[in-house]
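One structure below.
Every number for a ligand or one of its atoms is a count from 1 in the order of the listing. For the single chain, residues carry numbers from 1 onward in sequence order.
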Amino acid sequence: MNTLFQNAFKTAYNWVDERLNIGDAIAFAGKKTVPEHKHSFWYYWGGISMFFFIVQCLTGVLLMIYYRPGAEAYESVRQITNEIKFGWLIRSVHSWSANLMVLAIFIHMFSVFFMKAYRAPREFGWWSGVALLVLTTIFGFSGYLLPMDELAYFATKVGLGIPGSMPGASVLVDLVRGGAEVGDATIQRFFTLHVVVLPALFVPLLGFHLWLVQKHGNAIPPSEELTPVSERRSIPFFPNFFAKDLAVWLIALNVLAVLAALFPWDLGKQADSLSPAPVGIHPEWYFMSSFQILKLFGRWFPGTLGEVLGILVFNLGLVLWMLVPLYDRESPSGVKARRVTYFGLAVLAITLITTFWGYWEV
Ligand code: HEM
């Protein structure tokens, strides 16, 4: 029975291999190894981010079966949450997984930063990563409005108002909003962005990002470079590291299941543009830092000057973040490397402090 099965498998494999040359691809993948050292833990976070993205795609398709953008948006989400079997769970998993994905990406980004994995030849890995992060936050922002409850409505109104104060940006904001006010047209546009435009940009970019990792392999942190090459350890990606990846994904799935089941995602009151904004309106936690920084600039420099300066400083920070790989190349003195590490620590500290500060003030 066993040999019968083996022969059938071999015949099928040969049939496919003759036509698609999969043997070459398998040999190529088989060559990949992953370094093993005391910081290897951080190599899992890119994969964890990807796991949550896969969950987003699967649950997103299920939600799309019942979600109706436009005037019926709130009612359709109410039905998903209260009437459709397990609808509440799918919605809860989608919302929790979105947040966990952003968290995993932040951890992944800061870990590759402090491991200096952006250095040559991995610059494009860094830049494509920053682009993936930006797209992920736009995924979050556009998804947030879709249920059209009070919180979603007012947070989107405030969020779109921020770039709207920049000269030139208001044209883009009007285009995305589909009119002067957030309404049914905005939902339709955000929905198109969320399920068509963003995935169409994200998936090929992610493919490029992963291809680069396959091409260059995983970087080792500077501390590990001091180990003589003959003493460095590594394990094959297939099947060893991949099996560990799967085990970590299983843990991620468990965390997600516990959160989604024990803390079901809430649906607030239906948005009413005529009612005043409820107190304590704030953006999602991953926008809180930039929201608070803009608020502080507005306080220090009254009028639109504060807003414009805040947006400029924020964009300047993003540009500097992108330029890190070009500045910090390996140099014998190590001065630039140290400066960049301090810069990263400052960015991390400012992000955390302004996030907590923002929640404190809400
Ligand atoms: C959806 C978002 C992302 C996904 C799914 C993703 C996925 C991955 C995966 C699977 C790896 C290989 C394993 C690892 O080293 O963790 C990787 C490596 C890498 N990623 Fe990402 N990534 C994302 C976002 C980012 C961001 C935001 C950055 C930085 C701005 C970034 C920069 C890098 C770099 C430089 C590497 C190479 C690391 C090395 O050589 O060790 N990625 N990414």
Side-chain angles (χ1 to χ4, degrees), residues 29 32-58 60 97-140 143 198-225 232 234-238 240-249 252 286 317-330 340 343-344 347-348 351:
K32 184 178 155 78
T33 57
V34 180
E36 260 206 326
H37 46 75
K38 56 179 184 295
H39 303 294
S40 300
F41 169 74
W42 302 109
Y43 290 143
Y44 293 97
W45 288 92
I48 297 174
S49 314
M50 195 164 69
F51 169 74
F52 287 125
F53 178 65
I54 296 169
V55 173
Q56 286 312 94
C57 297
L58 297 178
S97 168
N99 283 279
L100 293 177
M101 178 176 162
V102 178
L103 184 66
I105 295 176
F106 272 120
I107 296 175
H108 173 53
M109 180 174 74
F110 280 107
S111 60
V112 294
F113 181 90
F114 290 115
M115 288 212 269
K116 303 219 171 275
Y118 48 74
R119 281 179 170 171
R122 295 183 177 76
E123 295 92 333
F124 280 102
W126 180 254
W127 293 326
S128 55
V130 174
L132 285 171
L133 173 67
V134 171
L135 288 181
T136 306
T137 57
I138 306 178
F139 258 123
L198 291 172
L201 295 173
F202 193 93
V203 172
L205 197 63
L206 179 58
F208 177 60
H209 193 73
L210 298 180
W211 174 73
L212 288 171
V213 181
Q214 178 67 38
K215 187 169 165 53
H216 298 303
N218 285 87
I220 51 169
S223 61
E224 202 51 29
E225 271 164 13
R232 289 184 198 163
S234 64
I235 55 169
F237 182 79
F238 275 116
N240 305 46
F241 190 80
F242 187 63
K244 291 186 181 202
D245 250 342
L246 289 183
V248 170
W249 287 17
Y286 43 88
L318 195 63
V319 171
L320 288 180
W321 198 239
M322 301 272 281
L323 290 180
V324 159
L326 298 183
Y327 178 75
D328 176 17
R329 298 148 194 256
E330 263 144 289
V340 167
F343 174 58
V347 170
L348 185 59
T351 307

Report summary line: Note: ligand 1 atoms sitting under 4.0 Å from heavy atoms of Ala117 are 35 (C), 38 (C), 39 (C)
Report task. For residues Leu212 and Arg122, determine if any side-chain heavy atom of one lies less than 4.5 Å from a side-chain heavy atom of the other. Result -> no
Query raised in the report: For atom CZ of Phe124, is the number of surrounding heavy atoms from other residues, nucleotides or ligands below 6.0 Å larger than 12?
Result: no
Report task. Assess Gly217 for proximity to ligand 1: is some non-hydrogen atom of it under 4.0 Å away? Result -> yes
Query raised in the report: Does any non-hydrogen side-chain atom of Asp328 lie less than 4.5 Å from one of Tyr118?
Result: yes
Query - Charged N-O contact under 4.0 Å between Lys244 and Glu36 - result: yes
Query raised in the report: If you count the atoms of ligand 1 from 1 in the order shown, which ones are under 4.0 Å from a heavy atom of Phe202?
Result: 1 (C)
Report summary line: Nearest heavy-atom approach of Trp321 to Gly344 is CZ3-CA, 4.2 Å
Query raised in the report: To which protein heavy atom is atom 7 (C) of ligand 1 closest, and what is the distance rounded to 0.1 Å?
Result: Gly46 O, 3.5 Å
Report task. Return the option from His209, His216, Met322 holding the heavy atom at the smallest distance from atom 31 (C) of ligand 1. Result -> His209
**Report entry** Point-to-point distance, once rounded to the nearest 0.5 Å, from OG of Ser49 to CE of Met109
**Finding:** 10.5 Å
Query raised in the report: Would a distance-only check, ignoring hydrogens and angles, find a side-chain to backbone donor-acceptor pair under 3.5 Å from Tyr43 to Ala219?
Result: yes
Query raised in the report: For atom 3 (C) of ligand 1, what's the nearest protein heavy atom and its distance?
Result: Leu132 CD1, 3.9 Å
Query raised in the report: Between the candidates Val213, Val34, Ile54, which shows the shortest non-hydrogen contact distance to atom 11 (C) of ligand 1?
Result: Val213
Report task. Heavy-atom distances under 4.0 Å are what count here, so tell me which part of Val112 touches ligand 1: side chain, backbone, both or neither. Result -> side chain
Query - Any Ser223 side-chain heavy atom under 4.5 Å of His39 side chain - result: yes
**Report entry** Any N or O of Gly125 closer than 3.5 Å to N or O of ligand 1
**Finding:** no
Query - is_close_aromatic(Phe106, Tyr286), centroid dist under 6.0 Å - result: no
Query raised in the report: How are the rings of Phe114 and Phe110 set relative to one another: parallel (under 30°), tilted (30 to 60°) or perpendicular (over 60°)?
Result: parallel
**Report entry** Donor-acceptor pair, side chain of Thr136 and main chain of Val102, under 3.5 angstrom
**Finding:** no
Query raised in the report: Looking only at heavy atoms of Tyr43, does any of them come nearer than 4.0 Å to an atom of ligand 1?
Result: yes
Query raised in the report: Which heavy-atom pair separates Met322 from Pro325 by the least distance, and what is that distance?
Result: O-CD, 3.1 Å
Report summary line: Taking only non-hydrogen atoms of Leu206 and a 4.0 Å limit, the atoms of ligand 1 in range are 4 (C), 5 (C)
Query raised in the report: Considering only the protein, which heavy-atom contact is closest to atom 15 (O) of ligand 1, and what is its distance?
Result: Asn218 ND2, 3.1 Å
Requested in this report: Compare His108, Met50, Met101 and give the one whose heavy atom is closest to atom 43 (N) of ligand 1.
Outcome: His108
Requested in this report: Just need the protein heavy atom nearest to atom 2 (C) of ligand 1, so name the residue and atom and give the distance.
Outcome: Ile105 CD1, 3.5 Å
Report task. Mark up the atoms of ligand 1 that fall under 4.0 Å of a heavy atom belonging to Met109, in ascending order. Result -> 29 (C), 30 (C)
Query raised in the report: So which protein heavy atom does atom 40 (O) of ligand 1 come closest to, and at what separation?
Result: Ala219 N, 2.9 Å
Query - Contact atoms of ligand 1, heavy-atom distance to Arg122 under 4.0 Å - result: 40 (O)
Requested in this report: If the plane angle is over 60° it's perpendicular, under 30° parallel, otherwise tilted; pick one for Phe113 and Trp126.
Outcome: tilted
**Report entry** Those atoms of ligand 1 less than 4.0 Å from some heavy atom in Leu210
**Finding:** 9 (C), 10 (C)
Requested in this report: Out of Phe241, Trp127, Trp126, indicate the one that has the non-hydrogen atom closest to atom 29 (C) of ligand 1.
Outcome: Trp126
Query raised in the report: Closest non-hydrogen protein atom to atom 28 (C) of ligand 1, residue and atom name please, with distance?
Result: Gly129 CA, 3.4 Å
Query raised in the report: Going by the order shown, which atoms of ligand 1 are within less than 4.0 Å of some heavy atom of Val130?
Result: 30 (C)
Query raised in the report: Just distances here: any N/O of Ser49 and N/O of ligand 1 closer than 3.5 Å?
Result: no
Requested in this report: Hey, could you give me the NE2/CG distance between His37 and Asn218, rounded to the nearest 0.5 Å?
Outcome: 8.0 Å
Query raised in the report: In ligand 1, which numbered atoms sit nearer than 4.0 Å to a non-hydrogen atom of Leu133?
Result: 27 (C)
